[in-house]
Amino acid sequence: MAGLLALVLCGCDQAQLDERQMSVVQTLSPIPEPVARESNRVADRADAAAFGAVLFSDAGFSKGGSHSCATCHDPARHFTDGKRVATALGEGTRNVPTIETVAWQSWFYWDGRADSGWAQARGPLLNPIEMGSTPAQVRQHVLDVHQDRFEAVFGPVPEDPEDVVALVGKALEAFERTVTPGAARFDRYVAEVRQNGSSDLLNESEARGLKRFLSDGCVNCHNGPLFTDHSFHNIGVPQVAKGGLDVGRAIGAVDVLEDPSNCLGARSDSKDCPELRYLDPSFPDWPLAFKTPSLRNLSHTAPYMHDGSIATLDGVLVFYSELPGTPLAGHRELTLEPLHLSDGQRADLIAFLKTLDAEADSGTTR
Ligand code: HEC
Ligand code: HEC
């Protein structure tokens, strides 16, 4: 009787993982080594990464010298900016994602319209509402300020400004690949589970939240040590951004195939590009699909979703509870059902998600 009472009071039964869940948990940690980036021959060179770190916070690349990559990807906020949508020389329509997962991804941006960090970097440098530069201005700024470092990594500054933009991007990517989300308490928990078969590093509420995360289907999409399947799904977030319907991956998949800076392009260091070769831009589930974001460091990266339309983690869980509205294109992922979570169940899930926050300071590098 006393045993039963203890069980009821602590809710331990609700926190206990079954055998299958115990094995799934072990696939969620630790954060692995970066995935190779064949299209960028300097991707893992320390000199390129050090040069990229300088470029990342150099506002001199922007029109008027006002914005660097770090303006929007602020290292103190796990490389986000805390705003609903990005604003620089103009207002964008999408929320700033972190750069902490660059080393593991195949597709960049919420719609995956770039297939490497170096191809991605061309976007903000030249985008009139972000840094507003031109390829000729990028080349000139390299000659004016960075010629020595550039040449130490890449050799003579090329004549073609687009070649310079690509190489600047490759140094930026080398830097981004050294940035990691940082180890969290959850990683220590998994290490203990692996070693001892159990761990008390999660409290009751966090443990119940973890169990719910596994049993409520979150892990179907937010899986692996980065808590993302690196794919795209239409979960039907009601869109609030200006500028019309954002169809996400449906256009991103076409864009990346047409991008001259993609893995098959002239400036790529490899032609071994299986992801791109097998990409089907007409896949019927692409309309309104956005990239599954990582769930590490969520405490520092509000607001949430591709358009920053949900301000708090509780708001995200209310969304998964109710699945409001009907998507304006395609259809919501069929596996999703409203979860009807109670206040306490949402609190448990939030408590668990916060165990994924890095224990050390932001901007942890390898
Ligand atoms: C005005 C704010 C702003 C500036 C400046 C900016 N970014 Fe971004 N960045 C964004 C936004 C917004 C997105 C998402 C855009 C989208 O999905 O269409 C993004 C996406 C990214 C991504 C993709 C991350 C992912 O997981 O898909 C990377 C990498 C990145 N930026 C790196 C950079 C670099 C490098 C620079 C400097 C050359 C830079 N950004 C400058 C706002 C900015
Ligand atoms: C069908 C795949 C799928 C499932 C299942 C799923 N998610 Fe997501 N999740 C996504 C996608 C895709 C986005 C981004 C959607 C967008 O921006 O429009 C997202 C966004 C999020 C975000 C916002 C993160 C950020 O940085 O903006 C959180 C938090 C989140 N999900 C948590 C959960 C939790 C908790 C569950 C289980 C209750 C869950 N997800 C179930 C695919 C999924």
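Numbering of ligands and ligand atoms starts at 1, following listing order.
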Inset, instruction - Determine whether the aromatic ring centres of Phe290 and His306 lie less than 6.0 Å apart. - result: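 Ring-ring flag for Phe290/His306: true, centres closer than 6.0 Å.
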
Legend entry - Ring-ring centroid check Phe232 Phe283, cutoff 6.0 Å: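 Aromatic pair excluded; centres sit 6.0 Å or further apart.
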
Considering only heavy atoms of [X], which atoms of ligand 1 have at least one such atom less than 4.0 Å away?
| X | value |
| --- | --- |
| Phe108 | 27 (O) |
| Gln105 | 25 (C), 26 (O) |
| Arg113 | 16 (C), 18 (O) |
| Val102 | 29 (C) |

Nearest non-hydrogen atom to [atom] belongs to which of [options]?
| atom | options | result |
| --- | --- | --- |
| atom 24 (C) of ligand 1 | Asp246, Leu172, Thr71, Thr98 | Thr98 |
| atom 16 (C) of ligand 2 | His306, Arg94, His233 | His306 |
| atom 26 (O) of ligand 2 | Tyr304, Phe319, Phe290 | Tyr304 |

Please list, in number order, the atoms of ligand 2 under 4.0 Å from a heavy atom of [X].
| X | result |
| --- | --- |
| Leu336 | 5 (C) |
| Glu333 | 1 (C) |
| Leu339 | 38 (C) |
| Leu317 | 35 (C) |

Inset, instruction - Would you please determine whether Thr301 falls within less than 4.0 Å of ligand 2 on a heavy-atom basis? - result: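 It does not; every heavy atom stays at 4.0 Å or beyond.
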
Inset, instruction - Work out whether the distance between some heavy atom of Trp110 and some atom of ligand 2 is less than 4.0 Å. - result: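 True for this residue.
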
Classify the ring geometry of [X] against [Y]: parallel below 30°, tilted from 30° to 60°, perpendicular beyond 60°.
| X | Y | value |
| --- | --- | --- |
| His141 | Phe61 | perpendicular |
| Phe175 | Phe56 | tilted |
| Phe150 | Phe51 | perpendicular |

Inset, instruction - Taking atom CG of Asp144 as the centre, report whether more than 12 heavy atoms of other residues, nucleotides or ligands fall under 6.0 Å from it. - result: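 Atom CG in Asp144 is packed in, count exceeds 12.
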
Tell me whether [X] is salt-bridged to [Y], with the criterion being a basic N under 4.0 Å from an acidic carboxylate O.
| X | Y | value |
| --- | --- | --- |
| Lys271 | Glu38 | no |
| Arg113 | Asp255 | no |
| Asp357 | Lys354 | no |
| Arg296 | Asp187 | yes |
| Arg249 | Asp111 | no |
| Arg177 | Asp44 | yes |

Legend entry - Atoms named by residue and atom, protein N, O or S, within reach of atom 8 (Fe) of ligand 1 (under 2.8 Å):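 Correct list: His73 NE2.
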
Legend entry - Asp280 and Trp286: CA distance, side-chain angles, deciding distance, side chain to side chain contact (heavy atoms under 4.5 Å, CB included) verdict: CA-CA 10 Å; Asp280 174 6; Trp286 287 155; 5.6 Å; no

Legend entry - Check: Ser116 main-chain N/O paired with Glu173 side-chain donor or acceptor under 3.5 Å: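 Side chain of Glu173 to backbone of Ser116: no pair is present.
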
[atom]: nearest protein contact (heavy atom, Å):
| atom | result |
| --- | --- |
| atom 35 (C) of ligand 1 | Glu176 OE2, 3.3 Å |
| atom 25 (C) of ligand 1 | Lys291 NZ, 3.3 Å |
| atom 23 (C) of ligand 1 | Tyr109 N, 3.7 Å |
| atom 5 (C) of ligand 2 | Gly217 O, 3.3 Å |
| atom 27 (O) of ligand 2 | Met305 N, 2.8 Å |

Legend entry - Trace of the side chain to side chain contact (heavy atoms under 4.5 Å, CB included) decision for Tyr189 with Leu210: CA-CA 11 Å; Tyr189 164 83; Leu210 167 60; 3.7 Å; yes

Inset, instruction - Write out all pairs satisfying ring pair (Phe, Tyr, Trp, His ring centres under 6.0 Å) with one or both partners inside residues 312-334, taking only residues at least two apart or from two chains. - result: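 Sorted result for residues 312-334: empty, none.
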
Inset, instruction - Record the part of Ser68 in heavy-atom contact with ligand 1 below 4.0 Å; permitted values are side chain, backbone, both and neither. - result: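 For Ser68, the contact with ligand 1 is made by the backbone alone.
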
Legend entry - Near atom 8 (Fe) of ligand 2 (under 2.8 Å) - protein N, O or S atoms: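 Listed by chain and number, the atoms are His222 NE2, Tyr320 OH.
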
Inset, instruction - Compute whether any side-chain donor of one residue and acceptor of the other, for Gln105 and Thr101, lie under 3.5 angstrom apart. - result: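 Yes.
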
Legend entry - Fellow cluster residues of Leu288, listed by chain then number, with links counted only when side-chain atoms sit under 4.5 Å apart: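 Answer for Leu288: Leu245, Val247, Ile251, Leu328.
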
Inset, instruction - Using salt bridge (Lys or Arg N to Asp or Glu O under 4.0 Å) as the criterion, point out the one residue from Arg267, Arg122, Lys170, Arg139 that pairs with Asp163. - result: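 One option only clears the test, and that one is Arg267.
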
Legend entry - Heavy-atom side-chain proximity of Val96 to His73 below 4.5 angstrom: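 A side-chain contact under 4.5 Å exists here.
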
Side chain, backbone, both or neither: the part of [X] lying under 4.0 Å from ligand 2 by heavy atom:
| X | result |
| --- | --- |
| Val237 | side chain |
| Ile310 | neither |
| Asn95 | neither |

